[in-house]
Number of protein chains: 2
Amino acid sequence: MALEHAILVSLLEKPGSGYELARRFERSIGYFWTATHQQIYRVLKRMENDGWVDARDVPQQGRPDKKEYSVADLGRAALSSWLHDPIEPESVRHDLAVKIRGAAFDDPAALIHEVERHRQAHRDRLTHYLAGQARDFTEPAARPADPGAPPDAERELQHAVLRGGIAYERMMIGWLDDVLATLARFGPDR
Amino acid sequence: MALEHAILVSLLEKPGSGYELARRFERSIGYFWTATHQQIYRVLKRMENDGWVDARDVPQQGRPDKKEYSVADLGRAALSSWLHDPIEPESVRHDLAVKIRGAAFDDPAALIHEVERHRQAHRDRLTHYLAGQARDFTEPAARPADPGAPPDAERELQHAVLRGGIAYERMMIGWLDDVLATLARFGPDR
DNA sequence: GCTTGCTATGCAACGAGTTGCATAGAAGGA
DNA sequence: TCCTTCTATGCAACTCGTTGCATAGCAAGC
């Protein structure tokens with residue numbers, strides 16, 4: 001399980017409450033990991049008991065108070081140990097691929113709308129990623145002032161992961177176009 | 001949940017025992033869906049109780065007897081109904097992406113071996129897919145005998161899914177090369 | 001005053017998925 | 001003879017993940 005590690009990474013990038021983490025998991029972290037607030041609260045509690053994170057009550061005005069979490073030494077050590085542990089290349093699960101193979105035993109043409117819907121969802125995500133890239137990773141005019149500056153690992157690696165998301169969405173759009181062309185060959189309702 | 005539907009599709013393509021299904025899930029179906037034999041046996045039993053599949057004892061020589069399952073009318077109906085139901089575009093979970101972002105808080109260079117290992121795993125899978133494609137989907141010399149023959153939906157759609165697997169592996173290899181280049185920029189052990 | 005909506009946290013129940021173990025027939029090699 | 005490997009099926013325990021629901025403060029609009 002890596003949810004706890006995903007949380008550690010997110011908290012290292014910026015401390016926050018369970019609620020804030022849940023929203024990050026809907027956005028940037030959600031590019032490659034999903035989690036509901038239930039999961040996050042449960043795991044945060046366990047991590048606090050294990051001493052991986054420290055909690056701090058933060059009174060707020062205009063909204064309910066929150067518990068802000070930050071990574072403790074034990075959490076940093078746990079993350080480091082996990083990073084040095086090899087993991088197996090993840091197994092994929094594509095409902096849509098099951099549907100495509102299943103369509104041979106039903107009506108292939110009926111799947112066209114579903115595939116188009118998915119294609120659109122991937123287009124939307126791609127647009128969103130590209131906007132994020134333009135916003136956060138456009139070099140602000142070639143920094144000539146400090147040519148030998150050390151590269152910022154956090155930022156560079158975030159960008160590398162985002163490029164992965166972009167490559168993934170482009171691949172999916174291309175493949176779904178391929179699938180649509182294949183489905184079209186079976187004509188309407190046969 | 002779509003495991004039951006994946007099983008239905010696999011049984012429609014060819015009836016078989018729980019054991020055989022488990023092996024298919026390690027191979028061709030496993031391109032886009034994984035399941036252990038435990039899961040499969042449990043779900044098969046439930047599907048049999050629900051009348052989705054029929055079981056038949058098949059005595060064998062030289063090896064233990066098996067229970068061969070085939071899809072019943074109710075199962076076919078269940079699959080059809082699922083095919084016509086829209087599903088949400090699946091959420092992704094990439095442990096490796098978590099590690100890459102996490103590496104910024106540890107030693108980026110230490111991740112290089114891990115990423116290379118994953119790259120190799122994807123290369124191996126790509127090679128395997130390409131071999132399967134050459135074996136199963138090479139047109140046997142342009143069939144001029146029957147030019148207007150109806151396209152074989154089952155075969156064509158299986159091929160489309162396999163092309164998706166190939167596109168995925170190629171994308172991953174390209175991205176991991178990108179990640180390796182990024183990691184290399186941080187030099188040995190800094 | 002009432003409803004709606006957002007922030008913020010949480011419980012309880014269930015279903016899905018993993019891991020470890022057990023059994024058993026047959027083949028093949030040390 | 002014993003050990004390992006492959007086929008074949010299954011139980012039990014556990015963890016992970018999802019869904020539905022509940023509470024509560026505060027803001028904004030009707």
Side-chain angles (χ1 to χ4, degrees), chain A residues 1-7 11 15-27 29-30 32-50 53 55-69 82 87-95 98, chain B residues 1-8 10-11 15-27 29-30 32-50 53 55-69 82 87-95 98:
Chain A
M1 218 279 279
L3 174 54
E4 30 207 344
H5 303 112
I7 289 176
L11 288 180
S17 69
Y19 187 82
E20 282 162 357
L21 281 171
R23 306 201 58 209
R24 287 187 216 170
F25 274 78
E26 283 168 14
R27 295 169 26 80
I29 306 279
F32 54 88
W33 202 273
T34 49
T36 62
H37 74 280
Q38 290 304 342
Q39 256 178 288
I40 292 167
Y41 283 124
R42 202 198 297 153
V43 172
L44 271 176
K45 190 157 287 180
R46 190 177 67 225
M47 290 167 76
E48 192 186 353
N49 286 334
D50 293 350
V53 294
R56 191 170 66 92
D57 278 320
V58 177
Q60 298 186 114
Q61 43 192 11
R63 53 179 66 179
D65 298 350
K66 66 175 180 180
K67 277 173 79 175
E68 193 179 80
Y69 292 91
W82 176 70
I87 48 174
E88 281 319 295
E90 50 272 328
S91 45
V92 196
R93 288 193 175 185
H94 285 293
D95 295 68
V98 178
Chain B
M1 216 281 277
L3 174 54
E4 30 207 343
H5 303 112
I7 288 175
L8 285 174
S10 193
L11 288 179
S17 68
Y19 187 82
E20 283 161 356
L21 281 171
R23 307 202 57 210
R24 287 186 217 169
F25 273 77
E26 282 168 14
R27 294 167 27 81
I29 306 281
F32 53 89
W33 201 274
T34 50
T36 61
H37 74 280
Q38 291 303 343
Q39 255 178 290
I40 291 168
Y41 283 125
R42 202 197 298 152
V43 172
L44 271 177
K45 191 158 285 180
R46 190 176 67 224
M47 291 167 76
E48 193 187 351
N49 285 335
D50 293 350
V53 294
R56 190 171 68 92
D57 279 320
V58 178
Q60 297 186 113
Q61 44 192 10
R63 55 179 63 177
D65 298 350
K66 66 176 179 178
K67 276 174 79 175
E68 192 178 81
Y69 291 91
W82 177 70
I87 48 175
E88 281 320 294
E90 52 272 328
S91 43
V92 196
R93 287 193 176 187
H94 286 293
D95 295 68
V98 178

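Naming convention: chains lettered A, B, ... in sequence-line order (proteins, then strands); numbering from 1 in each chain.
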In whole angstrom, what separates A/Asp65's CG from C/dC6's C1'?
16 Å
To the nearest Å, give me how far apart NZ (A/Lys45) and P (C/dA8) are.
17 Å
Which heavy-atom pair separates B/Asp95 from A/Ala2 by the least distance, and what is that distance?
OD2-CB, 3.4 Å
State whether A/Lys66 places a side-chain N or O below 4.0 Å from either non-bridging phosphate oxygen (OP1 or OP2) of C/dT9.
no
Using the side-chain contact (heavy atoms from CB on, under 4.5 Å) criterion, which residues pair with B/Arg42? Sequence neighbours excluded.
none
Nearest-Å distance for atom pair CD1/P, residues A/Ile40 and C/dT7:
15 Å
Between P on C/dG10 and CG on A/Leu44, what's the gap in Å once rounded to a whole number?
9 Å
Distance in angstrom units between A/Leu3 CG and C/dA16 P, rounded
20 Å
Counterpart residues, side-chain contact (heavy atoms from CB on, under 4.5 Å), relative to A/Asp50 (two or more places apart):
A/Arg46, A/Trp52
Who are the ring-ring contact (aromatic ring centres under 6.0 Å, His included) partners of A/His37, not counting sequence neighbours?
A/Tyr41
Specify the residue among B/Tyr69 and B/Arg23 whose closest nucleotide of DNA chain D lies further upstream toward the 5′ end.
B/Arg23
Using atom CG of B/Asp95 as one end and atom P of C/dT18 as the other, report the distance to the nearest whole Å.
12 Å
With sequence neighbours excluded, residues passing side-chain contact (heavy atoms from CB on, under 4.5 Å) with A/Ala35:
A/Leu3, A/Phe25, A/Gln39, A/Ile40
Verify the contact: side-chain N or O of A/Arg93 to OP1 or OP2 of C/dG17, cut-off strictly under 4.0 Å; return yes or no.
yes
Enumerate the protein-to-nucleotides 19-25 of chain D contacts in which both atoms are nitrogen or oxygen and the separation is below 3.5 Å.
| from | atom 1 | to | atom 2 | distance (Å) |
| --- | --- | --- | --- | --- |
| D/dG20 | O6 | A/Gln38 | NE2 | 2.9 |

Nearest whole angstrom, please: distance from the C1' of C/dT7 to the CG of A/Leu21.
14 Å
For a quick test of reading the model: is some side-chain N or O of A/Tyr19 closer than 4.0 Å to OP1 or OP2 of C/dT9?
no
Any side-chain N or O of B/Tyr41 less than 4.0 Å from the OP1 or OP2 oxygen of D/dT9?
yes
B/Ser10 to B/Leu21 - nearest heavy-atom pair and separation
OG-CD2, 3.5 Å
Qualifying residues under side-chain contact (heavy atoms from CB on, under 4.5 Å), relative to B/Glu48, sequence neighbours excluded
B/Val53, B/Ala55, B/Lys67, B/Tyr69
Nearest to side-chain heavy atoms of B/Gln39, which nucleotide of D/dA8, C/dG17, D/dT18
C/dG17
Nearest whole Å is fine: how far is C/dT9 P from A/Arg56 CZ?
13 Å
Check every atom of C/dT18, C/dA8, D/dC11 against the side chain of A/Glu20 and return the nucleotide holding the closest atom.
C/dA8
